[in-house]
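Right, one structure below, let's go through it.
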Amino acid sequence: MAVRPRIQNLQASLIAEVAVLGMGDPEVLPLWFGEGDLPTPRFITEAASRALEAGETFYTFERGIPPLRQALADYETGLHARPVAPERVVITNSGMQAIMLTVQALVDPGDNILVVSPVWPNVRAAIEIMGGEPREVALARREDGGFLLDLDALDRARDGRTRAIFLNSPSNPTGWVMSRAEGEALLAFARQHGLYLIADEVYARVVYDGTVAPSLLDLAEPDDLVVVVNSFSKAWAMTGWRLGWLVGPPEIVEVMGKLIQYNISGAPTFIQHAAVTAVREGEEFARSMAERYRAGRTLVLDALRGLNRVQVAPPDGAFYAFIKVDGMTDSLAFAKEILAKTKVGLAPGAAFGLGGEGHLRLCFAASRDRLAPALERLIPILR
Ligand SMILES: Cc1ncc(COP(=O)(O)O)c(C=O)c1O
């Protein structure tokens with residue numbers, strides 16, 4: 001007996017492969033992971049303490065406590081053009097788990113999911129764990145270096161075993177934000193072919209034009225085969241709490257009770273109570289985070305502009321600079337070299353699949369105190 005070959009062969013994250021070399025070194029300025037350096041705000045941590053004191057420490061509803069499902073339904077309804085009912089909302093242990101549960105619900109061994117790429121590596125892994133094939137379809141490149149959804153390429157990649165299309169907008173790592181017109185065309189395409197859309201909108205509130213990114217929730221009917229994944233991690237600085245949610249059609253929401261029961265039996269009760277406070281009282285904080293990221297974005301783009309060796313398209317959303325480095329063919333080796341020589345931690349573009357090689361990803365969610373010295377150290381090696 002042995003571990004399944006598919007699991008044995010899962011690629012460890014290339015981001016982690018760089019990070020293990022420098023984690024714990026106090027001189028290292030880490031910009032490799034997708035999080036900032038601000039702790040969760042007090043009004044949320046205090047709500048968690050109150051919930052603990054109040055004895056919210058027991059098992060609870062598989063799909064989440066009713067006040068949180070309601071709070072999120074109100075939140076999504078307030079942000080988007082169409083109402084979202086609480087019955088469509090399912091609470092999960094993180095955005096990652098919302099993706100995993102959706103893949104569990106949809107993929108049989110041999111099925112494939114079209115994954116709009118470059119893409120966060122965990123998505124490919126989730127599909128592989130279930131015995132499916134993540135079939136990457138690259139975003140097209142605009143002349144100015146920005147990105148575009150390529151429906152023709154999706155159509156060419158599709159076959160009889162295609163179950164779904166996965167896309168992440170605002171995108172990690174590219175910063176691409178799906179336009180409303182792209183969303184409409186994509187939804188029409190998915191309807192025509194009977195495919196699910198899995199829309200990862202964890203960076204929905206991190207946009208540099210407006211306060212929320214265009215969403216499939218603006219466009220889809222409640223029974224469209226659309227699953228929108230979201231998370232508390234980015235908008236409310238809660239990465240370590242491991243809490244997310246999804247909005248899905250009835251057939252998905254119905255099976256989620258079972259899948260959650262057999263995976264983890266529900267998100268922690270007191271954390272869900274704190275999350276109600278995050279959603280109900282956190283609008284100002286979410287907006288202040290977006291402003292903070294905007295400052296980081298300006299700092300990074302200004303510093304990198306004018307370096308002959310690099311090109312970076314200003315991201316429309318999320319908090320990453322996806323830096324194209326001329327002449328670099330091995331981003332993993334170069335990220336390791338940068339770490340060794342400058343003690344700045346970047347993610348290698350190869351981690352993000354097709355089209356990722358040749359790039360480095362820098363997370364600018366950090367404060368100026370971390371970003372400014374990191375940029376100073378990086379400039380000579382990227383010049
Ligand atoms: C594109 C994308 N989706 C989903 C997630 C998952 O977030 P979490 O599991 O912290 O909710 C991340 C985290 O970095 C991400 O970058």
Side-chain angles (χ1 to χ4, degrees), residues 13-16 19 30-40 44 64 68 72 89-103 113 115-127 129 134 136 139 147 164-178 197-207 213 215-216 227-247 260 263-264 267-268 271-272 274-275 278-279 286 289 293 315-322 345-347 349 351-353 356 361-366:
S13 161
L14 296 182
I15 307 172
L31 305 176
W32 36 42
F33 295 136
E35 64 184 350
D37 48 8
L38 272 192
T40 306
I44 301 174
L68 184 55
L72 287 167
V89 179
V90 177
I91 311 303
T92 60
N93 286 71
S94 76
M96 177 64 228
Q97 203 206 24
I99 295 169
M100 189 66 194
L101 292 169
T102 305
V103 171
I113 293 189
V115 176
V116 176
S117 160
V119 66
W120 187 49
N122 295 31
V123 176
R124 296 195 311 262
I127 299 165
I129 287 170
E136 288 188 57
L139 285 165
F147 294 86
I165 300 169
F166 176 95
L167 79 159
N168 165 225
S169 163
S171 154
N172 167 15
T174 61
W176 167 70
V177 174
M178 179 185 74
L197 286 179
I198 309 171
D200 176 344
E201 300 188 355
V202 307
Y203 296 98
R205 305 307 307 276
V206 187
V207 283
S215 166
L216 281 159
V227 178
V228 174
V229 168
N230 216 320
S231 166
F232 286 82
S233 290
K234 316 289 173 179
W236 294 285
M238 292 173 68
T239 50
W241 297 60
R242 316 309 303 131
L243 198 66
W245 75 93
L246 61 83
V247 178
I260 289 174
N263 273 279
I264 193 122
I271 287 183
Q272 294 193 55
V279 181
M289 292 288 275
Y293 301 145
D316 293 326
F319 42 51
Y320 306 99
F322 198 48
L346 300 180
F352 305 94
R361 189 195 70 176
L362 179 157
C363 173
F364 55 72

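We count residues from 1, following the sequence as given. Bear in mind the structure is a predicted one, so any value in this text is a computation, not a measurement. Counting convention: from 1, in listed order, for ligands and their atoms alike.
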Which of I264, I260, L243 passes side chain to side chain contact (heavy atoms under 4.5 Å, CB included) with N93? It is I264
Ring pair (Phe, Tyr, Trp, His ring centres under 6.0 Å) filter on F364, not counting sequence neighbours, yields none
Residues passing the ring pair (Phe, Tyr, Trp, His ring centres under 6.0 Å) test with Y293, sequence neighbours excluded, are F319
In chain-and-number order, ligand 1 lies under 4.0 Å from a heavy atom of each of S94, G95, M96, W120, N168, N172, D200, V202, Y203, S231, S233, K234, R242
Closest heavy-atom pair, K234 versus G34, reported as atoms and distance to 0.1 Å, is NZ-O, 2.8 Å
Output a table of donor-acceptor pairs, distance under 3.5 Å, between side-chain atoms of residues 235-242 and any protein atom two or more places apart or on a different chain; print 'none' if there are none.
| from | atom 1 | to | atom 2 | distance (Å) |
| --- | --- | --- | --- | --- |
| W236 | NE1 | A278 | O | 3.3 |
| W236 | NE1 | G282 | O | 3.4 |
| T239 | OG1 | E35 | OE1 | 2.7 |
| W241 | NE1 | T40 | OG1 | 2.9 |
| R242 | NH1 | T239 | O | 2.9 |

| request: Start with the C-alpha gap between Q97 and T92, add the side-chain angles, then the distance that decides, and say whether side chain to side chain donor-acceptor pair (under 3.5 Å) holds. | output: CA-CA 6 Å; Q97 203 206 24; T92 60; 4.8 Å; no
